[in-house]
Chemist: 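Here you go, one structure.
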Amino acid sequence: MKKSLGILAGIVLITLSGSVFADEQLAIGKKIYDRAFGRGCGTCHDIASNPQLSALIKAGQLDRAQFEKVLKEGKGGMPKAIAEIMKNAAVVKAGYGEDQAVDALYKYLGGE
Ligand code: HEC
């Protein structure tokens, strides 16, 4: 009985830490989206004539690799954003590397 309770507690802990991690990731993604370039990605991307990131990602039209490439290289009117993302206070505080920061932003926008 004691042993199975211990195992149960272990499973609960593992499950909880997984969801805490996912929540933290989404919160950091949101902070990047809201604060990059001072006023956030939405300054441009919430305007209908610019790419609608969340809709594109959810429709499978903007994969993780393309997303990262545009952030690193820029594209037309889209400024390079990776340095701006890495400066974000939430990213610095969490100690995220580039991959982790891009993951957090991509997931916040609805990606896998
Ligand atoms: C100054 C305005 C501006 C800001 C700020 C901005 N973007 Fe963009 N972004 C654009 C424009 C304009 C395009 C379309 C570029 C093109 O296709 O020529 C674009 C394109 C993109 C694309 C490529 C979409 C596709 O379908 O290929 C991604 C990804 C992207 N932006 C992500 C972001 C993220 C994430 C942020 C915040 C970190 C951000 N952008 C901030 C203007 C902006």
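It should be emphasised that the depicted structure is a prediction, and the values quoted were computed from it without experimental measurement. In each ligand, atom 1 is the first atom listed, and ligand 1 is the first ligand listed.
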Chemist: Is a donor on one side and an acceptor on the other found under 3.5 Å between the side chain of Asp34 and the backbone of Arg39?
Modeler: no
Chemist: Is ligand 1 less than 4.0 angstrom away from at least one heavy atom of Thr43?
Modeler: no
Chemist: Under a 4.0 Å heavy-atom limit, does Leu71 contact ligand 1 with its side chain, its backbone, both, or neither?
Modeler: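 Contact part for Leu71 vs ligand 1: side chain (C-beta onward).
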Chemist: If you measure only the distance, is there a donor-acceptor pair under 3.5 Å linking the side chains of Tyr106 and Gln25?
Modeler: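 Absent: no donor and acceptor within the cut-off.
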Chemist: Restricting to N/O/S, name the atom of His45 that gets closest to atom 8 (Fe) of ligand 1.
Modeler: NE2
Chemist: With distance as the sole test, does Gln66 use its side chain to make a donor-acceptor pair with the main-chain N or O of Asp63 at under 3.5 Å?
Modeler: no
Chemist: Among Leu53, Ile85, Val102, Leu105, which residue places a heavy atom closest to atom 32 (C) of ligand 1?
Modeler: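 Of the listed residues, Leu53 has the closest heavy atom.
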Chemist: Tell me whether atom 8 (Fe) of ligand 1 has Met78 as a neighbour, meaning an N, O or S atom of it below 2.8 Å.
Modeler: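 Within the cut-off used here (under 2.8 Å), Met78 does place an N, O or S atom near atom 8 (Fe) of ligand 1.
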Chemist: Examine Asn50 against ligand 1 and note whether any of their N/O atoms are separated by less than 3.5 Å.
Modeler: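 Checking ligand 1 against Asn50, no N or O pair falls under 3.5 Å apart.
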Chemist: Counting heavy atoms not belonging to Arg64, are there more than 12 under 6.0 Å from its CZ?
Modeler: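 Buried by this count: over 12 neighbours within 6.0 Å.
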Chemist: Please state which option from Gly76, Gly42, Pro51, Cys41 has its nearest heavy atom closest to atom 38 (C) of ligand 1.
Modeler: Cys41
Chemist: Could you confirm whether Cys44 has any N/O/S atom lying under 2.8 Å from atom 8 (Fe) of ligand 1?
Modeler: no
